[in-house]
Structures are given as structure tokens and as C-alpha cells.
Trainee: 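My structure is below; once you've seen it, I'll send some questions.
Reckoned from all heavy atoms, side chains included, excluding hydrogens, waters and symmetry mates. For ligands, and for the atoms within them, numbers begin at 1 and follow the listed sequence.
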Amino acid sequence: MSKIFEKEIQEFVQLVDSRNPNEPEFLQAVTEVAETIIPFIAEHEKYQSASILERLCEPERVVMFRVPWVDDNGNFKVNRGYRVQMNSSLGPYKGGLRFHPSVNLSILKFLAFEQVFKNSLTTLPLGGGKGGANFDPKGKSDAEIMRFCQSFMIELSKYIGGNKDVPAGDIGVGAREVGYLFGQYKRINDEFTGVITGKGLDYGGSRIRTEATGYGTVYFSEEMLELNGDGLKDKICVVSGSGNVAQYTTEKLIERGAKVVTLSDSSGYIYDKDGIDTEKLAYVKHLKNEKRARISEYIEKYKSATFRKGRPWSVPCDLAYPCATQNEIDKEDAEFLVKNNCKGIFEGANMPTTIEALSIIQDNKLLFAPGKASNAGGVATSGLEMSQNSQRLSWTSDEVDYRLKMIMKNIHENCVKYGRVDENYVDYVKGANVAGFVKVADAMLAQGHV
Ligand code: NDP
Ligand code: 2IT
């Protein structure tokens with residue numbers, strides 16, 4: 001934390017805490033931003049006098065609603081649905097939907113807050129939002145998932161629209177759920193619009209959207225390594241998660257000649273000393289996307305691997321890619337990474353690193369890419385899906401992938417511009433926060449006290 005502004009930062013965080021009690025994840029995301037933005041604002045009077053940071057911490061709107069549904073045995077079930085519409089100064093609210101039993105207002109507000117900065121960094125016209133439900137898709141039948149999605153959309157459809165708020169997937173919401181949600185929106189409104197992204201390729205989805213978050217994270221890490229005269233080839237990589245982001249991070253790392261040795265889920269992690277190659281990754285995709293099984297099944301097929309409980313960060317590596325969930329790298333994990341001489345940590349997930357872990361990583365000058373910069377490729381490609389839907393066109397994979405690469409390169413340049421500390425060190429946390437902030441803040445100033 002900046003020593004000079006320590007008091008101002010603490011006071012601001014206390015103010016946000018008093019207005020949002022019992023929301024630790026939201027407070028964590030705000031604290032991380034305040035630590036770099038308050039010193040920046042102090043040098044820019046126009047932002048200070050307009051209370052921009054205070055306004056950024058207040059969602060424009062939050063909706064919470066009941067989601068009743070019936071399971072396959074005829075039992076009546078109830079979940080809670082949400083949409084946090086955080087900021088629309090740059091465009092329609094944009095951000096994913098998360099279905100996970102842990103979902104609550106604090107988690108969705110942290111995600112929506114991060115999304116505002118991330119979407120700004122993409123340079124596309126996207127505001128920020130996030131939503132979801134405390135629904136657990138694990139062990140549910142397809143029919144149950146469909147009924148839940150339909151009930152969820154009956155209520156959510158009142159608040160979204162192609163020019164208003166455009167959801168997408170996140171944890172627990174993939175191609176299957178997006179399909180059911182889109183189908184129900186279309187029934188209710190009787191219109192075929194780009195109201196949700198991550199759609200199937202046959203009905204308005206964009207090529208490369210499925211791959212975009214993972215690919216983008218690897219492109220971003222490549223830019224960072226290149227700036228340090230290094231590359232991905234032969235690097236030992238530890239990846240966490242085994243869902244969408246982890247799978248495509250692994251795919252691109254393999255393509256670049258790196259060796260991925262771990263994947264995980266909430267039960268534990270697999271360590272494959274020989275590395276996860278293309279064939280093994282295809283099996284993981286089958287396991288997770290079709291069979292919807294546990295990652296531990298991997299070791300039944302591949303004898304080079306072992307399964308352990310916990311998280312993979314004690315496995316020696318050159319590079320780490322947390323791609324599962326928030327706060328999955330704590331102080332002890334960060335100490336392992338430093339001790340094992342890990343050179344860089346690149347966040348595929350949103351806020352996977354705790355504040356204590358981050359400070360250890362930064363004190364030891366490891367390369368560190370904050371998720372709002374490094375995982376922005378997913379939402380950026382959602383933005384490209386919206387453009388294609390408006391044009392009634394579908395671009396080729398090469399075209400979308402090229403644009404994704406250019407967007408990640410541009411985000412990297414902006415992080416360096418605002419985050420360079422000295423000749424040898426770039427603070428990407430500061431760079432991403434300030435670069436994301438400036439665009440949103442200027443748009444808010446231009447639009448008046450809204
Ligand atoms: P998926 O649902 O496809 O996969 C999530 C993975 O993370 C699963 O392996 C899951 O394991 C694991 N996981 C989830 N919760 C926990 C937990 N509490 N503890 C341990 N492991 C957990 O989600 P995505 O891959 O889409 O999302 C992963 C991360 O990336 C999230 O932080 C998300 O916000 C972020 N993200 C996603 C984007 C996207 O486009 N999808 C874009 C940008 C960021 P299990 O099956 O056991 O639950
Ligand atoms: O966290 C994220 O950026 C996402 N889950 C993707 C959001 C989107 O609208 O594509």
C-alpha cells in the first residue's frame with residue numbers, strides 16, 4: 001500500500017465497508033483498486049472533485065429475484081437470482097452469469113466492479129455488470145438445468161436487452177446454459193437479438209469465444225515475458241481449474257511449446273509429471289464438458305499422473321495460471337511459488353489472488369498479471385460477438401483470433417504505459433487499474449453527475 005496515502009485509502013475503504021457491511025469480496029476488490037487509484041486521483045483534481053471513485057463503488061442498479069423450479073422428482077425448489085448493473089458509462093452493461101452455491105451479493109458486486117475496469121481496458125463500448133444464482137448445477141439432469149434456466153430468464157428478461165444489458169457465461173454457465181437462456185429470452189420477447197453472448201455457432205455465436213479467455217490469458221503472458229526477453233517454450237506451467245478458462249489456457253500453452261503439469265477442480269488437483277498433451281487435454285474436455293465428471297478420473301486413464309487434495313501451487317513451476325475461482329492463491333501458496341522460483345503469475349480467473357498473497361508476489365518482484373487485464377479476452381470476444389450480431393455477419397476464426405490478439409497486445413501496452421515503475425519493473429496491477437479507470441472516469445465526467 002502507498003505509505004503516503006495510507007490514511008486516505010483506509011478512510012475510503014472504511015466508508016465503502018460501512019455502506020456495504022458483510023461483503024468481504026466486494027471490499028477486497030475495492031481495496032485493491034483504491035490502493036492504486038487514490039494516489040492517481042490525488043494528482044488529478046478533476047476526478048477528486050467529482051467523487052468518481054465513490055460513484056464507481058455504487059452499482060447503478062441491483063436486482064434480486066426468486067427463481068422457483070421443480071426437480072425431476074417433483075420437489076419444489078427455490079433459488080435466488082441476481083443482476084448487478086454496475087456502470088453503463090461506456091456501453092450496455094456487460095458481464096457473465098455465475099451459477100454456483102457460493103453466489104451472493106458480495107461475490108457478484110466484486111465481479112461487477114472488476115468487470116467495469118476490465119471492459120474499459122478492452123477499448124470496446126461495454127459497460128460492466130454481473131449476475132447469477134446460488135444454484136448448484138452439479139449432479140443436475142439436463143432437464144433440471146433447462147427448467148432452472150427458463151425460470152431464471154423469466155425474471156432476468158425484464159432487465160436485459162441487446163442495447164441495455166448483455167449477459168454471458170461464467171462459472172457453471174457454459175454453452176448448454178447459454179443456449180437454454182437464449183431460447184427462453186427469445187420465447188418471452190419474440191425477437192432474435194444479441195442479448196447474450198457465448199451462443200452456439202449456429203445461432204449467432206462468435207468463433208473463438210469459447211477459447212477466448214484462455215487464449216487471451218496466454219497471449220497476455222506472452223507479451224509480458226517478451227518484454228523481459230523471455231518466452232513460453234519449455235516452461236513448466238501449473239494451471240488450476242479444469243473448466244472453460246483452464247482448458248483453453250492449457251490448449252494455447254501446449255501450442256506454444258510449454259509443459260502444463262497440473263489441472264484441478266474443487267476436489268483437488270492432478271499432477272502429470274510427463275505433461276498434459278493434446279490427446280490428454282481432449283480427454284479432459286470430454287470428462288468435464290460431456291461427462292461432467294471429477295478431474296480425479298484423469299489418473300485412472302493416465303498412469304503418469306497422481307491426484308492430491310488441495311490446490312496445485314506447491315508443485316514446482318516456472319509459470320502459474322490460476323483459472324478456477326477467487327482467492328485460490330493465499331499467503332502460503334504465494335510463499336510456495338516464490339520458494340520454488342516461479343517467474344510469473346497470470347490470472348485467468350477473477351481475483352484468484354488474496355491481497356496478502358499479492359503483496360508477497362510484488363515484494364519478490366515476480367511478474368504478475370491481474371485478471372482484469374489478462375482475462376479480458378473473453379469479454380472482448382463477447383464484444384466482437386455483439387458487433388457480428390449487429391452486422392448480421394459471422395467472421396472467420398482467423399479474423400476473430402487476430403482481433404483478440406491485437407486487443408490483448410493493446411491492453412498490455414496500456415498497462416505498461418500507466419504501470420511502469422522503473423526501467424526494470426512494471427506494476428501491472430497499477431497499470432490495469434489506472435488505464436481502466438481513466439476511460440470510465442472521463443466518460444462519467446462528460447455525461448454529468450449521473
Ligand atoms: P467453469 O465453470 O467452466 O470452471 C470452473 C472451474 O473452477 C472448475 O474446474 C471448478 O471446479 C473450479 N472451481 C469453481 N469454484 C471453485 C472453488 N470454490 N474451489 C475450487 N475450484 C473451484 O468456469 P470458467 O472456467 O468459465 O471460470 C473460471 C474462472 O475464470 C472464474 O473466476 C471466472 O469468473 C473467470 N472468467 C471466466 C471467463 C469466461 O469467459 N468463462 C472470462 C473471464 C474470467 P468444480 O467443477 O469442482 O466446481
Ligand atoms: O468475467 C468475465 O469477464 C466473464 N465471465 C465473461 C463476460 C462476458 O460478457 O463475456
Trainee: With salt bridge (charged side-chain N to carboxylate O under 4.0 Å, His left out) as the test, would you mind laying out the steps for E251 and K285 before giving the verdict?
Mentor: CA-CA 11 Å; E251 184 164 290; K285 287 184 188 172; 2.4 Å; yes
Trainee: Mind telling me whether Y283 and Y298 have parallel, tilted or perpendicular rings, with 30° and 60° as the class edges?
Mentor: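 The arrangement is tilted - the two ring planes meet at 30° to 60°.
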Trainee: State whether a side-chain donor-acceptor pair under 3.5 Å links R311 with S240.
Mentor: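 S240 and R311 do not have a side-chain donor-acceptor pair below 3.5 Å.
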Trainee: Using a strict cut-off of 4.0 Å, indicate which atoms of ligand 2 neighbour a heavy atom of A168.
Mentor: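 Counting from 1, the qualifying ligand atoms are 8 (C), 9 (O), 10 (O).
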Trainee: Does a donor on one side chain and an acceptor on the other come within less than 3.5 Å for N244 and K288?
Mentor: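 The answer is no; no qualifying pair exists.
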Trainee: Of the choices T325, I171, L111, which has the non-hydrogen atom that lies closest to atom 5 (C) of ligand 1?
Mentor: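 The residue whose heavy atom sits nearest atom 5 (C) of ligand 1 is I171.
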Trainee: Considering only the protein, which heavy-atom contact is closest to atom 7 (C) of ligand 2, and what is its distance?
Mentor: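 Checked against all protein heavy atoms, atom 7 (C) of ligand 2 sits closest to G96 N, 3.5 Å.
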Trainee: Do N104 and N134 get their side chains close enough for a donor-acceptor pair, meaning under 3.5 Å?
Mentor: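 Result is no, nothing qualifies.
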Trainee: Under a 4.0 angstrom heavy-atom cut-off, which atoms of ligand 1 come close to R294?
Mentor: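 Those of ligand 1 that fall under 4.0 Å from R294 are 45 (P), 46 (O), 47 (O).
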Trainee: Could you work out, for atom 6 (C) of ligand 2, the closest of K130, R209, K372 by heavy-atom distance?
Mentor: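 That would be R209.
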Trainee: Kindly determine whether Y271 and F307 satisfy ring-ring contact (aromatic ring centres under 6.0 Å, His included), including the steps that lead there.
Mentor: CA-CA 6 Å; Y271 169 51; F307 175 77; over 10 Å; no
Trainee: Using a 4.0 Å cut-off to any heavy atom of S242, which atoms of ligand 1 qualify?
Mentor: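 Every atom of ligand 1 under 4.0 Å from some heavy atom of S242: 9 (O).
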Trainee: Can you sort out which atoms of ligand 1 are near C323, meaning under 4.0 Å from one of its heavy atoms?
Mentor: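 What qualifies from ligand 1 is 28 (C), 29 (C).
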Trainee: Could you list the atoms of ligand 1 found under 4.0 angstrom from a heavy atom of R98?
Mentor: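 Under 4.0 Å from R98, ligand 1 has these atoms: 31 (C), 32 (O), 33 (C), 34 (O).
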Trainee: Does the side chain of D272 come under 3.5 Å of the side chain of S304 through a donor N or O and an acceptor N or O?
Mentor: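 Side-chain D/A pair, D272 to S304: present.
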Trainee: Under a 4.0 angstrom heavy-atom cut-off, which atoms of ligand 2 come close to K118?
Mentor: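 Taking each heavy atom of K118 in turn, ligand 2 has 1 (O), 2 (C), 3 (O) under 4.0 Å.
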Trainee: Determine, using heavy atoms of G174 and all atoms of ligand 1, whether some pair is separated by less than 4.0 Å.
Mentor: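 Judged by the 4.0 Å heavy-atom criterion, G174 does not count as contacting ligand 1.
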Trainee: When you compare ligand 2 with G169, is there at least one nitrogen or oxygen pair between them that comes in under 3.5 angstrom?
Mentor: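 Checking ligand 2 against G169, an N or O pair does fall under 3.5 Å apart.
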Trainee: Below 4.0 angstrom from a heavy atom of H100, which ligand 1 atoms are there? Numbered from 1 as shown, please.
Mentor: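 Checking each atom against H100, I get 15 (N).
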Trainee: Tell me the contacting part of E211 for ligand 1: side chain, backbone, both, or neither, using a 4.0 Å heavy-atom threshold, strictly below.
Mentor: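 It is neither part, as no heavy atom is under 4.0 Å.
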Trainee: With only distance considered, is N375 within less than 3.5 Å of ligand 2 through an N or O on each side?
Mentor: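 No, there is no polar N/O contact under 3.5 Å.
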Trainee: Are the charged groups of K417 and E413 less than 4.0 angstrom apart, N to O?
Mentor: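 No, no charged N to carboxylate O under 4.0 Å.
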Trainee: Going by atom types only, do E114 and N350 share a side-chain donor-acceptor pair under 3.5 Å?
Mentor: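 No pair is found: no donor N or O on one side chain lies under 3.5 Å from an acceptor on the other.
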Trainee: List every atom of ligand 1 that sits less than 4.0 Å from any heavy atom of K138, numbering the atoms from 1 in the order shown and giving each element.
Mentor: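 Going through ligand 1 atom by atom, the ones under 4.0 Å from K138 are 45 (P), 46 (O), 47 (O), 48 (O).
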Trainee: Would you please say whether a donor-acceptor pair under 3.5 Å links the side chains of K252 and Y219?
Mentor: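 The answer is yes; a qualifying pair exists.
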Trainee: Take F148 and F135 through the test ring-ring contact (aromatic ring centres under 6.0 Å, His included) and record every step on the way to the result.
Mentor: CA-CA 9 Å; F148 180 82; F135 171 73; 3.8 Å; yes
Trainee: Can you tell which part of P352 has a heavy atom less than 4.0 Å from ligand 1: side chain, backbone, both or neither?
Mentor: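 P352 to ligand 1: no contact under 4.0 Å from either part.
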Trainee: With atoms numbered from 1 as shown, which atoms in ligand 1 lie under 4.0 angstrom from a non-hydrogen atom of S264?
Mentor: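 What qualifies from ligand 1 is 9 (O).
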Trainee: Find out whether the Lys NZ or Arg CZ of K186 is both under 6.0 angstrom from the six-membered ring centre of F192 and within 45° of the ring's axis.
Mentor: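 Because its charged atom misses either the 6.0 Å distance or the 45° angle limit, K186 does not stack over F192.
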Trainee: Kindly identify the option in S266, G348, G371, A168 whose heavy atom sits closest to atom 20 (C) of ligand 1.
Mentor: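 The residue whose heavy atom sits nearest atom 20 (C) of ligand 1 is S266.
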Trainee: Looking at A349, which atoms of ligand 1 are within less than 4.0 Å of one of its heavy atoms?
Mentor: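 Counting atoms of ligand 1 from 1, those under 4.0 Å from A349 are 29 (C), 30 (O), 32 (O), 35 (C).
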